[in-house]
There are 2 protein chains.
Amino acid sequence: MEDNAKPSGTDVPTLADVAAAAGVSTATVSRCLNSPDRVKQKTLKIVMDAVDRLGYSPNYSARALAAGRTNTIGAIIPTMENAIFARGIQAFQEELQQNGCTLLVASSSYRQDLEEEQIKTLTVRGADALLLIGYQRDPKVYEFLAKRKIPAVLTWVSDPDSDHLSVGFNNRQAMKTLAELVLENGHKVMGCITAETSANDRARDRVSGIRDAMKEAGLDPSELLVEETHYSIENGDVAFRKLMAARPRPTAVMCGNDVLAVGALRAASALKLEIPGDVSITGFDDIELASVAPVPLTTVHVPHRRMGQFAAQALMAALNGNAPDNIELPTSICFRETLGKAPSPNKR
Amino acid sequence: MEDNAKPSGTDVPTLADVAAAAGVSTATVSRCLNSPDRVKQKTLKIVMDAVDRLGYSPNYSARALAAGRTNTIGAIIPTMENAIFARGIQAFQEELQQNGCTLLVASSSYRQDLEEEQIKTLTVRGADALLLIGYQRDPKVYEFLAKRKIPAVLTWVSDPDSDHLSVGFNNRQAMKTLAELVLENGHKVMGCITAETSANDRARDRVSGIRDAMKEAGLDPSELLVEETHYSIENGDVAFRKLMAARPRPTAVMCGNDVLAVGALRAASALKLEIPGDVSITGFDDIELASVAPVPLTTVHVPHRRMGQFAAQALMAALNGNAPDNIELPTSICFRETLGKAPSPNKR
DNA sequence: AGCCAAAATGTAAGCGCTTACATTTTTTAT
DNA sequence: ATAAAAAATGTAAGCGCTTACATTTTGGCT
């Protein structure tokens, strides 16, 4: 018969098993694992040998319960179905991993109610901190987070006026810059395809950016033709056709993201419109899709990877009791082939 | 002074607080939450009222520790950076959520060593079950999983001969069917762009499928020109150019997935080759990209959503002690515009 | 009314770990 | 050498929950 010092059969070894095997207390084993510098070299070696020998790995539930933190970070993104968020989140995850944290991803389908639910779920599941997209949400959510002392970083936006931590970029300014370029090409009748602006602050800001530029160029911003739809290639296609049916017809269509722009491009091709000869089209994001579109897309480049990385660093800092600064990353314009001079009126 | 029956200040309420507030024991509260049919209606109401009033939600770490399960499922996918896995995983997640489980996603960058590490990490973090892509891995991994009694479902493949649970499709057969169609169009010189076959069983099977079809059509399978590379549009472009430099030049290039095919398409356009007039190109997966490629892609349609859904169901069944059956889902050919007759020799 | 099985609830022992505090060992200064 | 300070280790009390088992309540029968 075995005595009780050994772990029985196929059971997963516990801290106590390691302690017994190494001839020390569980506290010492715990210290070896969590703060090795507080333990004598010799002891450390003995314990680590025991850990290896038994193939021990800690039970995270128990650790979380005892320590009051899970080392899990939650992220809630609007969608996983296209690549808009993939690069940024991937970088976020890599950075977290460096810091011994795990990422839990949920998606909200661009629905505010679902996002709130997911925030609750992730919190309850023990997320120590959260990455959120955009800043627009019920103040109660922020109160809830504050009450639970859960740091959150808002990304894909820059929100310097607010006291919420954010790591992102200025959607409005970025789109404005692109719009200025479009207007410099002589376009007077402007169209725009965007996500629904009521529930999406990034989309709203981008549209505002276009209007800003129009105003400064002496055009009436209210004449911007706007099509709102969900992000998908198909919807971009449909929206573009609607825009092309308007009179006067836009000579430039600025899209809220690259996915919509690619849909517009497809529609243009079907309508036998030359890009950019007949109509100019622009995107936003600079995902891989943009560079391989039927006509390579002129778009706004967003530094997704750096954003993800910085967001992770900010959160780690917040968890360590520091107060990280908001970060606004610069965007740039990525010139490709879909932006050109406005066609001369007689040519149309 | 408060007495100890009430939760103090901003603290998160616990089971005991609810029990005190409802005037019952913690066991009863626990039962109300986990098996409501085992308590009296009246008690249930009292307890649930207290839960609402206090805004209680259970601590999952504690629950996991006590119950020995986390209700968390892990998934390890080769990459999050393109959309190949997005739809399937999204469906998987939705189905899990229906069953009260949370998804933890990790990515392995197509590296077997990283995958093993992630499997360990997720296991240690308490994943009750795992979704894995493909079947090729060190037998030790399966032993480890078996020893820990962690159910795993292999997806994106069908592995009927093995005793591992799988929910997927037959890569070899699917590609063979497409290859037959290509060959029926009179192509004699075949090229292929694939992921590295040594570390990717899906890729390997797909190439085998092409060879199978060639053999049956009386061609020498060893004459298939193969370019191996990582999945990306850029790499598809480069590989296609290499293939086009071969003599005799392939008249059809079958790609291991849609991403590579889109890259090939881009290269073809740069080389002023007509698709499918000069060269036919095919893909695999039927992701959204396929339908919006410069020339809409003829490809293999994979039922990603259903696969994800069934995989989740299989895992839930396994966790409930049932032995779910392997599932092989049918694929279909999605005809678009990149497959055509082989050009007549004199035309070249 | 009285008995008994079934239903409902309570009691309390953990789950595996961290950590405040107590104790022992080692180092440093005198 | 010796006292005091510092470092290392041990002891044991939880963290918030589930669940086996014990106890009480309920309700159907006779």
Side-chain angles (χ1 to χ4, degrees), chain A residues 4 7-8 11-48 50-51 54-72 100 123-126 128 148-149, chain B residues 4-5 7-8 11-48 50-51 54-72 100 123-126 128 148:
Chain A
N4 65 347
S8 69
D11 276 1
V12 176
T14 71
L15 236 214
D17 294 328
V18 177
V24 299
S25 73
T26 58
T28 299
V29 178
S30 177
R31 280 189 281 259
C32 288
L33 264 22
N34 298 310
S35 40
D37 42 310
R38 298 174 47 63
V39 167
K40 222 202 299 189
Q41 275 296 320
K42 210 172 122 193
T43 318
L44 183 60
K45 183 167 180 347
I46 295 173
V47 169
M48 289 324 236
V51 165
L54 298 184
Y56 169 78
S57 47
N59 176 319
Y60 277 69
S61 300
R63 174 177 280 190
L65 178 57
R69 66 189 320 233
T70 59
N71 289 312
T72 296
T123 305
V124 157
R125 295 257 174 194
D128 290 333
R148 296 250 179 165
K149 298 207 172 48
Chain B
N4 65 348
S8 69
D11 276 1
V12 176
T14 70
L15 234 214
D17 294 328
V18 177
V24 299
S25 72
T26 59
T28 299
V29 178
S30 177
R31 279 189 283 257
C32 287
L33 265 21
N34 299 309
S35 39
D37 41 312
R38 298 176 48 65
V39 289
K40 224 202 298 186
Q41 275 295 322
K42 210 171 123 193
T43 319
L44 183 60
K45 182 166 178 349
I46 296 174
V47 170
M48 288 325 235
V51 165
L54 299 184
Y56 169 79
S57 48
N59 176 319
Y60 277 69
S61 300
R63 176 177 279 187
L65 179 57
R69 67 191 314 236
T70 60
N71 288 311
T72 296
T123 305
V124 155
R125 294 258 174 194
D128 290 335
R148 295 252 180 165

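Order of the sequence lines sets the chain letters (A, B, ...), proteins ahead of strands, with each chain counted from 1.
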Return the nearest nucleotide to the side chain of R31(B); candidates are dA20(D), dT18(D), dA12(D).
dA20(D)

Got more than 12 heavy atoms from elsewhere within 6.0 Å of CZ, R69(B)?
yes

How long is the straight-line distance from OG1 of T28(B) back to CZ of R38(B), given to the nearest 0.5 Å?
10.5 Å

Spacing of L65(A) atom CG relative to dC17(D) atom C1', expressed in whole Å
8 Å

Return no unless some side-chain N or O of S30(A) is found under 4.0 Å from OP1 or OP2 of dT18(C).
yes

Look at the side chain of K40(A) and decide which nucleotide, out of dA8(D), dC17(D), dT18(C), has an atom nearest to it.
dA8(D)

Of T26(B) and A67(B), whose nearest nucleotide on DNA chain C comes first from the 5' end?
T26(B)

By nearest-heavy-atom nucleotide on DNA chain C, the more 5' of V24(B) and A27(A) is V24(B)

Please report, rounded to the nearest Å, how far the P atom of dT19(C) is from the CG atom of L33(A).
12 Å

Polar side-chain atom of T70(B) near backbone of G126(B) as donor-acceptor pair, under 3.5 Å
yes

Measure CD1/I46(A) against P/dG10(D) and give the value in whole Å, please.
10 Å

If I take atom CG in residue L54(B) and atom P in nucleotide dG16(D), what distance separates them, rounded to the nearest angstrom?
14 Å

To the nearest angstrom, the CG-C1' distance between D17(A) and dG16(C) comes to 10 Å

Which nucleotide in the list dC15(C), dT9(D), dC17(C) gets nearest to the side chain of T43(A)?
dT9(D)

Rounded to the nearest 0.5 Å, what's the gap from CG on L54(B) to CG on L15(B)? Could you check?
11.0 Å

Measure the spacing between OH of Y60(B) and OG1 of T72(A) and express it to the nearest 0.5 Å.
14.0 Å

CD of Q41(A) versus C1' of dA7(D): gap in Å, rounded?
14 Å

Roughly, in whole Å, what's the span from CG in L15(A) to P in dG16(C)?
10 Å

Whole-Å distance between dT9(D) P and R38(A) CZ?
11 Å

When you check the phosphate oxygens OP1 and OP2 of dC17(D), does a side-chain N or O of Y56(B) lie under 4.0 Å from one of them?
yes

Side-chain N,O (T28(B)) to OP1/OP2 (dG10(C)) below 4.0 Å:
yes

Between N59(B) and dC15(D), is there a side-chain N or O to OP1/OP2 distance below 4.0 Å?
no

Taking 4.0 Å as the cut-off, does a side-chain nitrogen or oxygen of T14(B) come that near to OP1 or OP2 on dG16(D)?
no

